[in-house]
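Structure first, then comments.
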There are 2 protein chains.
Amino acid sequence: MSDTSHRRERLRERTLIEIKDLARAQLVASGPAAISLRAIAREMGMTAAALYRYVPALDALVIELCTDLHNEVRLACEAARDADPDPDPLRRLLVMARELRRWALAHRPEATLIFGPPLPGVEQFHQQCDDLQCAGAQLGQIFVEPMLELWQAGRLPQLPHVDLDRLAGALPAHGELPIEVTAVFLTSWIRLYGVLAAELFGQLTWAATDTEPLFEAELASFAAQIPPAASPSAATLEESRPQASPEPASL
Amino acid sequence: MSDTSHRRERLRERTLIEIKDLARAQLVASGPAAISLRAIAREMGMTAAALYRYVPALDALVIELCTDLHNEVRLACEAARDADPDPDPLRRLLVMARELRRWALAHRPEATLIFGPPLPGVEQFHQQCDDLQCAGAQLGQIFVEPMLELWQAGRLPQLPHVDLDRLAGALPAHGELPIEVTAVFLTSWIRLYGVLAAELFGQLTWAATDTEPLFEAELASFAAQIPPAASPSAATLEESRPQASPEPASL
DNA sequence: CATTTGAGTGAACGGTGTTTACTTTCGCGG
DNA sequence: CCGCGAAAGTAAACACCGTTCACTCAAATG
């Protein structure tokens with residue numbers, strides 16, 4: 001029956017996983033530009049042409065790898081968030097932001113691939129691009145949720161410098177969110193992305209070697225805008241700050 | 001005598017310029033990964049091997065192109081700064097920041113090359129890497145100068161969230177600058193870089209289509225920290241803000 | 001004028017993505 | 001059990017790429 005058919009489907013899925021694993025190994029070893037179908041096939045003891053039974057083209061493989069990595073870093077952030085018992089949304093945001101940075105610095109080539117400029121030939125493969133957009137949006141979404149909670153609790157700052165009207169006109173269809181939350185999210189996300197990307201891409205190696213003070217300053221500057229939670233858990237920032245370079249106990 | 005030798009040198013220099021021009025044309029047309037020695041040679045009616053009389057390798061050519069682009073964007077910012085009669089350092093900073101963004105969006109492939117992750121094989125070519133670092137530092141330097149002036153005028157904010165002691169330990173040798181100025185510069189540069197890179201690399205195409213409000217908000221948030229100049233020219237920010245999308249009259 | 005230097009060529013090596021035609025393997029229905 | 005058909009894999013080719021090496025040829029130098 002379809003049992004044996006399932007077996008071959010499983011085999012097929014396994015080789016596809018093997019392909020993606022080898023692609024990631026190349027990415028880790030030699031950077032995004034070194035991902036090569038021929039090298040993957042060589043490593044698998046196959047011909048390069050055989051890989052086209054599993055992947056329509058190299059770019060499609062890279063795009064799929066990108067969405068996988070987006071999901072991986074999102075799961076890491078969610079795990080760090082859930083490992084922390086404190087329900088304060090601000091605390092959750094800080095924990096997730098630190099985990100995002102930790103993951104990126106622990107997986108520099110992968111982070112470069114997903115946070116750096118897109119490879120050429122991305123405009124094709126529309127379906128997978130939608131998936132990628134979706135994965136990227138989901139990563140952002142886990143940061144939106146706590147901000148929405150903060151807004152509902154009346155703890156979101158005013159942002160007098162953002163032109164809310166013009167910004168409202170520049171948002172895509174899914175404008176379910178209050179514009180104030182969107183504004184706070186975008187400005188915060190940009191700052192988080194900035195310090196991370198600058199570090200990843202070596203944009204300030206000429207200016208500073210240890211960028212963690214700058215990252216923590218960005219976090220503290222954000223946290224200072226948010227009034228502390230009403231009932232318990234004051235001094236949220238200081239509590240959640242790691243004492244030394246190594247991680248406390250999460251992941 | 002050396003007259004004819006000079007002529008040869010001139011010819012050599014001209015072909016080298018032609019090589020770099022064609023490399024840039026490829027960059028503009030098809031992105032950083034599309035720069036190819038063979039295509040340049042084809043366009044010049046030559047053999048690829050002949051290019052090795054002028055360039056030691058492809059990576060070296062790309063690195064040289066990077067330093068040229070760094071200088072070009074720096075000159076553009078300096079020109080915009082000098083075209084503005086207002087001597088207020090804050091005003092100069094805003095003008096330069098806007099010109100930086102304008103240049104980057106008007107030259108997306110070039111900006112992607114110099115602000116994105118470095119291409120592999122950059123660790124070799126140490127001399128040219130030093131030049132590149134130097135060019136990058138010079139670009140940052142033109143933003144440091146006005147900040148130093150602001151500091152001398154006592155107009156720099158406090159930055160209570162930056163761990164100055166730890167940051168001081170993470171700075172390279174050229175620590176000529178007061179640590180407060182360095183801190184303000186680095187945090188501001190990171191934010192400027194963040195909004196620019198996010199825009200360049202399409203990191204928030206899923207969240208917003210028009211990012212100028214976010215850029216202007218970042219600028220306004222920075223300017224709000226700086227008290228206005230003592231004598232003339234109040235409302236520096238509003239004056240220098242362009243009314244519509246096109247540029248006022250600079251460059 | 002002879003010679004040395006530099007520019008340029010042609011061929012080759014090893015690498016890449018991708019396509020096409022062909023062969024082999026293997027599960028499934030009769 | 002056996003043949004069929006689909007799926008998996010191969011070999012060869014095409015068009016690129018960076019890089020090297022031996023070689024030619026013209027031009028500047030003494």
Side-chain angles (χ1 to χ4, degrees), chain A residues 1-20 22-23 25-27 29-65 119-125 128, chain B residues 1-20 22-23 25-27 29-65 119-125 128:
Chain A
M1 291 188 55
S2 58
D3 185 34
T4 53
S5 158
H6 280 189
R7 169 172 298 174
R8 275 216 318 310
E9 261 183 42
R10 252 170 254 256
L11 273 188
R12 183 181 173 79
E13 206 166 326
R14 257 186 56 88
T15 63
L16 209 160
I17 288 179
E18 189 184 353
I19 291 173
K20 288 208 262 187
L22 286 173
Q26 294 182 349
L27 167 67
S30 316
I35 304 177
S36 142
L37 286 181
R38 288 190 117 109
I40 292 174
R42 207 180 306 131
E43 208 102 7
M44 293 176 69
M46 286 202 319
T47 314
L51 294 186
Y52 284 80
R53 303 281 172 189
Y54 301 89
V55 162
L58 173 65
D59 306 78
L61 172 61
V62 172
I63 289 177
E64 209 163 320
L65 188 55
L119 300 186
V122 160
E123 295 102 21
Q124 301 123 28
F125 309 101
Q128 300 182 68
Chain B
M1 291 185 56
S2 58
D3 185 35
T4 53
S5 159
H6 279 188
R7 169 173 297 175
R8 281 275 156 283
E9 266 184 35
R10 250 169 258 254
L11 273 188
R12 183 181 173 79
E13 205 167 327
R14 257 186 58 87
T15 64
L16 209 161
I17 288 179
E18 190 184 352
I19 291 173
K20 288 207 263 187
L22 286 173
Q26 293 182 349
L27 167 67
S30 317
I35 305 177
S36 140
L37 285 181
R38 287 191 118 109
I40 292 174
R42 207 181 306 130
E43 207 101 8
M44 292 177 69
M46 285 202 319
T47 314
L51 295 187
Y52 284 80
R53 303 279 171 190
Y54 301 90
V55 163
L58 174 64
D59 306 77
L61 172 62
V62 172
I63 290 177
E64 209 162 321
L65 188 55
L119 300 187
V122 160
E123 293 103 22
Q124 300 121 26
F125 309 101
Q128 300 181 69

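Computed from heavy atoms alone, side chains included, the values below leave out hydrogens, waters and symmetry copies. Letters A, B, ... are given to chains in the order of the sequence lines, protein chains preceding strands, and every chain is numbered from 1.
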Starting at [atom1] of [X] and ending at [atom2] of [N], how long is that distance when rounded to a whole Å?
{"X": "A:R12", "N": "C:dT25", "atom1": "CZ", "atom2": "C1'", "answer": "15 Å"}
{"X": "B:I63", "N": "D:dG18", "atom1": "CD1", "atom2": "C1'", "answer": "15 Å"}
{"X": "B:I19", "N": "C:dA7", "atom1": "CD1", "atom2": "P", "answer": "11 Å"}
{"X": "A:I40", "N": "C:dT16", "atom1": "CD1", "atom2": "C1'", "answer": "12 Å"}
{"X": "A:R10", "N": "D:dA7", "atom1": "CZ", "atom2": "P", "answer": "18 Å"}
{"X": "B:L51", "N": "C:dG6", "atom1": "CG", "atom2": "P", "answer": "18 Å"}
{"X": "A:L11", "N": "C:dG27", "atom1": "CG", "atom2": "C1'", "answer": "12 Å"}
{"X": "A:L58", "N": "C:dG15", "atom1": "CG", "atom2": "C1'", "answer": "14 Å"}

Exercise for review: For the side chain of A:A50, starting at C-beta, report the closest nucleotide among C:dT16, D:dT10, C:dT9.
Suggested key: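 Nearest to the side chain of A:A50 among the choices is D:dT10.
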
Without placing hydrogens or testing angles, list every side-chain donor-acceptor pair under 3.5 Å for residues 38-54 of chain A, not counting sequence neighbours.
none

Point to revise | B:Q26: side chain to side chain donor-acceptor pair (under 3.5 Å) partners, not counting sequence neighbours | key: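 Applying side chain to side chain donor-acceptor pair (under 3.5 Å) to B:Q26 gives none.
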
Nearest 0.5 Å, what's the [atom1]-[atom2] distance between [X] and [Y]?
{"X": "B:L22", "Y": "B:T15", "atom1": "CG", "atom2": "OG1", "value": "11.0 Å"}
{"X": "B:I35", "Y": "B:L119", "atom1": "CD1", "atom2": "CG", "value": "7.5 Å"}
{"X": "A:L11", "Y": "A:E9", "atom1": "CG", "atom2": "CD", "value": "10.5 Å"}

Taking only nitrogen or oxygen atoms into account, show me every contact under 3.5 Å that the protein makes with nucleotides 24-27 of chain D, one pair per line with its distance.
| from | atom 1 | to | atom 2 | distance (Å) |
| --- | --- | --- | --- | --- |
| D:dA27 | O3' | B:R8 | NH2 | 3.2 |

Practice item. Could you check A:R12 against A:L16 for side chain to side chain contact (heavy atoms under 4.5 Å, CB included), going step by step and ending with a plain yes or no? Key: CA-CA 6 Å; A:R12 183 181 173 79; A:L16 209 160; 5.6 Å; no

Practice item. Considering just the side-chain nitrogens and oxygens of B:Y54, establish if one lies under 4.0 Å of OP1 or OP2 belonging to C:dG8. Key: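 B:Y54 to C:dG8 OP1/OP2: side-chain N or O found under 4.0 Å.
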
Review point. Under 4.0 Å between a side-chain N/O of B:S36 and OP1 or OP2 of D:dG18, yes or no?
Key: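 It does, given that an N or O in the side chain of B:S36 lies less than 4.0 Å from OP1 or OP2 of D:dG18.
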
Check your understanding: For DNA chain D, what residues of residues 41-48 of chain A have any heavy atom nearer than 4.0 Å?
Key ->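 Of all residues in residues 41-48 of chain A, the ones placing a heavy atom under 4.0 Å from DNA chain D are A:G45, A:M46, A:T47.
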
**Study point:** 5'-most by nearest nucleotide on DNA chain C - A:Y52 or B:R38
**Key:**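 Its nucleotide being nearer the 5' end, the pick is B:R38.
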
Practice item. Looking only at non-hydrogen atoms, find the nearest pair between A:A23 and A:L61 and report the distance. Key: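 Residues A:A23 and A:L61, closest heavy atoms: CB-CD2, 4.1 Å.
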
**Study point:** No-H, no-angle donor-acceptor pair, B:R53 side chain to C:dG8 base, under 3.5 Å
**Key:**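 In this structure, the two groups form a donor-acceptor pair.
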
